[in-house]
Amino acid sequence: MLLAIDLGNTTTVFGVYDNEKLTKHWRLSTQKLRTVDEYGILLRNLFALEQLDVGDIDAIIIASVVPPLDPTLDEMARRYFSVEPIFVSSENAGISILYHDPHEVGADRIVDAVAALERYGTPAIIVDMGTATTFDGITRDGSYLGGLIAPGIEISARALREGAARLPQIDIQKPNELIGRSTETSMQSGFFWGYVSLVDGIIERMKAELGEDAHVITTGGMAGLVAEESRWISRIDNDLTLYGLHLVAKKLGMT
């Protein structure tokens, strides 16, 4: 079995693949001070709760955008699973990357592209709504072209609260009406509709470059909220990154 790990700035997702099937997955907060033993014990407990055998894991693949935690996960894999993990990079992902410096592309963006290419075809636009919101373009010939990086909606809300002392903390959600009649609803409307407009505006411009028939896929924590009002997003794929990790592992002969 394969353990796929998507190590993000805010959350870390662990997924277990049994051949082609994603059997279990867990989403945990990313804590940069978490130790090798804490990760190992946590995963062993999660496996035990689902009646999974740690000894059945014979491959581990990791997409990391948090380099300080890479040695921790590397040692955790070796110590608790007796497996040498593979970290995804521009060299081993098996996709043509047209960035000026391919090493600059985040591993999560690479595996998202690999997954979208396999599941949806080309051309494609991927919108990953996490700590940052990334937009990635796949060309008609299946190359990763590049993309855009914007602040995530929650980071934007936090920055506004920190810069304006009188503004309250709010839940990010769709308001009942566009024009707010209180500070809270005005903020909710600004964040929600402002973000929908940002996403749709960028997608529209990307379609003009990649092709109007480009598939538009979204993933990430805020994907469902924004997608329901987007004019362009047609598919929500919550397991896109894990699926991409699985595909890269297959290409590398790990499964």
Side-chain angles (χ1 to χ4, degrees), residues 6-15 25-34 42 63 65-66 69 106 108-109 112 116 120 124-137 146-210 212 214-242:
D6 172 23
L7 175 58
N9 287 294
T10 303
T11 60
T12 302
V13 183
F14 300 89
H25 64 278
W26 306 275
R27 183 179 297 271
L28 307 175
S29 63
T30 298
Q31 298 181 22
K32 295 179 181 179
L33 297 179
R34 190 172 275 160
L42 181 60
V65 296
V66 190
L69 278 176
D108 56 342
R109 300 173 72 185
D112 280 354
Y120 304 105
I125 297 167
I126 307 151
V127 186
D128 191 339
M129 301 184 196
T131 306
T133 294
T134 57
F135 300 80
D136 296 298
L148 301 87
I149 302 174
I153 189 169
E154 292 180 332
I155 280 185
S156 300
R158 190 182 313 134
L160 182 60
R161 289 196 304 269
E162 291 173 355
R166 292 191 63 185
L167 295 181
Q169 181 171 339
I170 62 166
D171 294 326
I172 305 297
Q173 60 185 40
K174 179 183 174 182
N176 293 325
E177 53 191 5
L178 175 67
I179 300 175
R181 301 188 187 185
S182 68
T183 301
E184 180 178 352
T185 57
S186 295
M187 290 175 67
Q188 284 177 336
S189 192
F191 282 120
F192 179 80
W193 290 111
Y195 220 74
V196 170
S197 298
L198 178 149
V199 168
D200 274 356
I202 290 176
I203 292 172
E204 186 171 2
R205 291 174 181 271
M206 290 183 74
K207 275 178 164 284
E209 290 194 18
L210 291 168
E212 293 299 325
H215 307 283
V216 182
I217 308 105
T218 187
T219 190
M222 301 300 292
L225 180 66
V226 174
E228 67 179 11
E229 292 296 338
S230 169
R231 289 181 295 136
W232 300 114
I233 294 172
S234 55
R235 297 172 180 86
I236 301 172
D237 193 332
N238 293 321
D239 297 329
L240 188 72
T241 308
L242 290 179

Of all heavy-atom pairs between [X] and [Y], which one has the smallest distance, and what is that distance?
X	Y	value
Thr218	Val127	OG1-O, 2.9 Å
Gly8	Val65	CA-CG2, 3.8 Å
Ile217	Ala124	CD1-CB, 4.2 Å
Val196	Glu229	CG1-O, 3.8 Å
Ala227	Ile233	CB-CG2, 3.8 Å
Asp108	Ala63	N-CB, 4.3 Å

Under 3.5 Å, is there a donor-acceptor pair between the side chain of [X] and the main chain of [Y]?
X	Y	answer
Ser230	Val226	no
Lys174	Leu225	no
Ser189	Ile179	no
Asp200	Arg231	yes
Gln173	Gln188	no

Checklist entry - Does atom CG of Leu33 have more than 12 heavy-atom neighbours from other groups under 6.0 Å away? => result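 At most 12 heavy atoms, drawn from other residues, nucleotides or ligands, come within 6.0 Å of this atom.
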What is the distance from atom [atom1] of [X] to atom [atom2] of [Y], rounded to the nearest 0.5 Å?
X	Y	atom1	atom2	value
Ile125	Glu204	CD1	CD	10.5 Å
His25	Thr241	NE2	OG1	11.5 Å
Phe14	Leu42	CZ	CG	6.5 Å
Leu242	Arg27	CG	CZ	8.0 Å
Thr219	Asp237	OG1	CG	6.0 Å

All N/O donor-acceptor pairs, side-chain side in residues 146-158, below 3.5 Å, sequence neighbours left out:
| unit_1 | atom_1 | unit_2 | atom_2 | d |
| --- | --- | --- | --- | --- |
| Ser156 | OG | Gly152 | O | 3.0 |

Item to check | Option passing side-chain hydrogen bond (donor to acceptor under 3.5 Å, both in side chains) with Thr131 (candidates Thr10, Asn9, Thr11) | outcome: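 Exactly one candidate clears the test, Thr10.
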Item to check | Distance-only side-chain donor-acceptor flag, Thr134 / Asp128, under 3.5 Å | outcome: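 No, no side-chain donor-acceptor pair sits under 3.5 Å.
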Checklist entry - Is it true that the side chains of Ser29 and Gln31 contain a donor and an acceptor less than 3.5 Å apart? => result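 Per modelled atom types, Ser29 and Gln31 side chains form a pair under 3.5 Å.
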Item to check | Results of side chain to side chain donor-acceptor pair (under 3.5 Å) for Thr12 - residues two or more places apart only | outcome: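 So Thr12 forms a side chain to side chain donor-acceptor pair (under 3.5 Å) with Thr30.
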Next on the checklist: Run Met206 and Val216 through side-chain contact (heavy atoms from CB on, under 4.5 Å) and show every step you take.
Outcome noted: CA-CA 10 Å; Met206 290 183 74; Val216 182; over 6 Å; no
Checklist entry - Is the shortest heavy-atom distance from the side chain of Ile126 to the side chain of Tyr120 under 4.5 Å? => result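 No; the side chains remain at least 4.5 Å from each other.
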Checklist entry - Among Thr133, Val199, Ile172, which residue meets the side-chain contact (heavy atoms from CB on, under 4.5 Å) test with Met222? => result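 That would be Ile172; it is the only one of Thr133, Val199, Ile172 passing the side-chain contact (heavy atoms from CB on, under 4.5 Å) with Met222.
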